Amino acid sequence: MMERPRGTRDFLPAEMARRRETERAMRRTALEFGYGEVQTPTFEQTDLFVAKSGEAIVEEIYVFEDKGGRSLSLRPELTAAVMRLYSTSLTHAPKPVRVFYMGPYFRYERPQKGRYREFFQFGAELIGTPQPEGDAEIIALAVRSIEAAGMEDLEVRVGHVGALRALLGSLGVPAEMAAKAFPLIDKGDIEGLRGLLMDKVEYSSIELIEDYVSTTGDIAVVEGAIASLARFPEVTEALERLKAALEQLDAYEGIGYEVDLGIARGLDYYMGVVFEVDWQGLGAEKQVCGGGAYELGQLFGLDNVPATGFAIGLDRVDIAVSMSSQDGPVREGALVVPMDRDGEVMHLAVAAAEALRSSGIRTELEVMRRGTGKALKGADARLFRWAIIIGSDEVAKGKVAVKDLDSGEQRLVSLDELCDLGI
RNA sequence: GCCGGGGUGGGGUAGCUUGGUCAUCCUAAGGGACUGUGGAUCCCUCGACCCGGGUUCAAAUCCCGGUCCCGGCCCCA
């Protein structure tokens with residue numbers, strides 16, 4: 001038997017309905033915030049991703065050569081393509097530019113729960129404003145979108161990689177070593193961090209760094225850090241920016257967050273305020289969203305294009321939604337049951353089905369030529385709300401029999417009256 | 001890429017340690033008892049040992065390889 005490729009999934013109607021509902025909620029949220037949807041190719045020139053993330057990215061993505069000998073790759077993320085889109089088509093659009101996107105992405109990694117080789121993301125980018133209001137808006141949009149999908153108990157952590165980078169630089173950590181330190185910090189591996197910095201950095205500096213990256217709390221810890229790190233103006237400048245963004249974020253009702261100065265994010269194009277959203281029910285792959293301010297304009301020959309954005313893992317959101325929602329079965333829709341296959345009966349049945357559909361009622365036509373008993377039993381099991389029964393009697397009267405499967409009541413109505421059912 | 005656990009009809013499972021009856025049961029699906037009225041009951045039908053080697057008289061069961069899924073690393077969303 002032919003199996004699906006590793007890390008891919010089929011989505012059955014019930015799952016697809018749930019996923020579409022999530023997408024609909026997020027799309028609506030983004031539109032309400034004034035963001036416009038964009039779509040870019042599913043595959044791009046490999047160089048685009050290499051330019052953004054470095055040569056090592058090739059190990060993690062689906063790379064292939066097309067018949068013209070071009071090296072192409074299935075997109076592993078969308079930020080690079082959006083910046084290209086911006087640089088080619090939106091540089092002269094009114095600022096800021098607000099765009100969002102939704103679709104499939106691909107990574108060659110070991111699949112796990114909430115982690116697939118073909119996965120789906122919803123993301124947004126705010127391009128053109130250097131102000132903290134922008135940072136706050138992007139965080140708010142991310143949280144509002146996830147909440148709109150029905151998730152609760154989100155854990156939002158906000159930090160600033162620019163401040164972290166400046167601190168390491170100010171304490172004499174070489175850039176090369178800082179690059180190795182970032183993943184350790186992001187993971188919270190203090191032991192590993194200490195081992196890395198041991199013989200290159202003074203002990204007091206290591207203590208300072210450990211203390212800094214372990215700092216969590218409310219906005220007061222940012223103020224505290226600003227006060228205690230006054231001798232590093234580059235660091236405090238970045239922290240002032242974080243503080244301003246948080247103050248702005250506080251204006252959004254009900255968005256709780258925790259400051260976490262140890263957020264490093266894996267990718268080195270992040271420059272400013274960064275944030276992550278976790279949901280504990282997901283186990284090892286608990287992060288549902290990541291984002292922050294970045295600088296990618298130079299890849300496309302543009303200087304100083306401030307941008308901030310996020311990506312939400314829709315597969316993880318869907319897992320969370322399916323775990324928490326347990327709506328009871330709802331009767332809805334109609335099944336039209338022709339009693340015999342006489343031409344007039346069949347025609348009236350189709351006409352009834354069409355009338356119901358035109359008034360927005362999900363309507364199926366019984367096409368198995370089943371007996372009434374079986375048909376009604378099936379209609380009940382499949383949770384239809386109405387059965388429309390049509391035989392020669394109905395044809396003779398020019399009406400159809402409508403049975404409410406909830407109450408068991410049945411009455412004869414004309415096709416015109418059928419449309420009132422949906423109310 | 002690494003470590004560990006798994007894979008039996010569409011879904012859920014018994015059997016596997018101690019190889020050997022037509023591979024168990026539930027459910028779903030199709031049909032019938034019921035030729036114009038549902039949730040019940042009964043009957044029938046359909047349908048599986050992940051793939052490939054090996055050991056053996058005999059493999060779902062033991063061994064090896066592969067593959068896919070799950071949990072944890074790595075990495076990341």
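Within every chain, numbering begins at 1; the chains are lettered A, B, ... in the order of the sequence lines, protein sequences first and strands thereafter. Not measured: the values here are computed from a predicted model.
Checked against B:C75, B:G39, B:U37, the side chain of A:Asp380 finds its nearest nucleotide in B:G39. The side chain of A:Pro111 approaches B:C69 more closely than any other nucleotide in the set B:C69, B:C75, B:G36. Counting only heavy atoms from C-beta on, A:Arg370 has its side chain closest to B:G30 among B:G38, B:G36, B:G30.
For A:Tyr105 and B:A77, the ring-to-base geometry does not satisfy the stacking test (centroid distance below 5.5 Å, interplanar angle below 30°).
The aromatic rings of A:Phe310 and A:Phe275 stand perpendicular to each other, their planes meeting at an angle above 60°, with 30° marking the opposite boundary.
A:Asp393 comes within 4.0 angstrom of a nucleotide base, judged by non-hydrogen atoms across all strands. Residue contacts shown for A:Gln410 include a base, since a base heavy atom lies under 4.0 Å away. Using a 4.0 Å heavy-atom criterion, one finds that A:Gly291 contacts no nucleic acid atom at all. Among the protein residues, A:Gly123 comes within range of no part of the nucleic acid, since none of its heavy atoms lies under 4.0 Å from any strand. Residue-level contact check: A:Gly408 touches the bases, meaning some heavy atom is under 4.0 Å from a base atom. Within 4.0 Å of A:Lys374, counting heavy atoms only, lies at least one base atom of the nucleic acid. Across all strands shown, A:Glu109 has heavy atoms under 4.0 Å from base atoms, whether or not it also approaches the sugar-phosphate.
A gap of 35 Å separates the P atoms of B:C2 and B:G20, to the nearest Å. Across B:A28 and B:C43, the matching P atoms stand 15 Å from one another, rounded to whole Å. Rounded to a whole angstrom, the distance from the P atom of B:U13 to that of B:C50 is 14 Å. Rounded to whole Å, the P atom of B:G32 lies 16 Å from the corresponding atom of B:G39. Rounded to a whole angstrom, the distance from the C1' atom of B:U8 to that of B:C51 is 15 Å. Comparing the same atom, P, in B:G15 and in B:G52 gives a spacing of 26 Å after rounding to whole Å. Distance check on atom P: B:G72 versus B:U55 gives 40 Å, rounded to whole Å. Across B:C63 and B:G6, the matching P atoms stand 11 Å from one another, rounded to whole Å.
Considering every non-hydrogen atom in both A:Ala387 and A:Leu376, the closest pair reads CB-CD2, 3.5 Å.
Each of A:Lys113 and A:Asp315 lies near RNA chain B, and the nucleotide nearest A:Lys113 is the one positioned closer to the 5' end. Nearest-nucleotide positions on RNA chain B for A:Tyr116 and A:Gly373 put A:Gly373 closer to the 5' end.
The base-pairing partner of B:C2, taking Watson-Crick or G-U wobble contacts with both distances under 3.5 Å, is B:G72. With a cut-off of 3.5 Å on both pairing distances, the Watson-Crick or G-U wobble partner of B:C42 is B:G32. Across all strands shown, B:G47 forms no Watson-Crick or G-U wobble pair with both key distances under 3.5 Å.
Following rounding to the nearest Å, A:Arg9 (CZ) and B:C68 (P) show an atom-to-atom distance of 16 Å. Remark: C1' of B:C76 and CZ of A:Phe275 are 16 Å apart, rounded to the nearest angstrom. Rounded to whole Å, the distance from CE on A:Met368 to C1' on B:G30 is 7 Å. Protein atom CD of A:Gln287 is 12 Å distant from nucleotide atom C1' of B:C75, rounded to whole Å. Here the C1' atom of nucleotide B:C34 and the CE atom of A:Met339 are 12 Å apart, to the nearest Å. Atom CG of A:Leu335 is separated from atom P of B:U37 by 16 Å (rounded to the nearest Å). Counting to the nearest Å, the P atom of B:G32 and the NZ atom of A:Lys377 are 11 Å from each other. Protein atom CD1 of A:Ile312 is 10 Å distant from nucleotide atom C1' of B:A77, rounded to whole Å.
With hydrogens and angles ignored, a donor-acceptor pair under 3.5 angstrom links the side chain of A:Glu394 to the base of B:G36.
With hydrogens and angles disregarded, no donor-acceptor distance shorter than 3.5 Å links the side chain of A:Arg98 to the backbone of A:Leu31. Between the A:Arg117 side chain and the A:Glu109 main chain, a donor and an acceptor come within less than 3.5 Å of each other. Judged by distance alone, with hydrogens and angles left aside, the side-chain atoms of A:Ser170 form a donor-acceptor pair with the main-chain N or O of A:Ala166 at under 3.5 Å. Side-chain atoms of A:Lys397 never come within 3.5 Å of backbone atoms of A:Val395 as a donor-acceptor pair (strictly under, hydrogens ignored). Between the side chain of A:Ser407 and the backbone N or O of A:Glu409 there is at least one donor-acceptor pair closer than 3.5 Å.
Atom CD of A:Gln45 has 12 or fewer heavy atoms from other residues, nucleotides or ligands within 6.0 Å.
For B:C74, neither phosphate oxygen OP1 nor OP2 lies less than 4.0 angstrom from any side-chain nitrogen or oxygen of A:Arg110. The phosphate of B:G72 has OP1 or OP2 within less than 4.0 Å of a side-chain N or O from A:Gln112.
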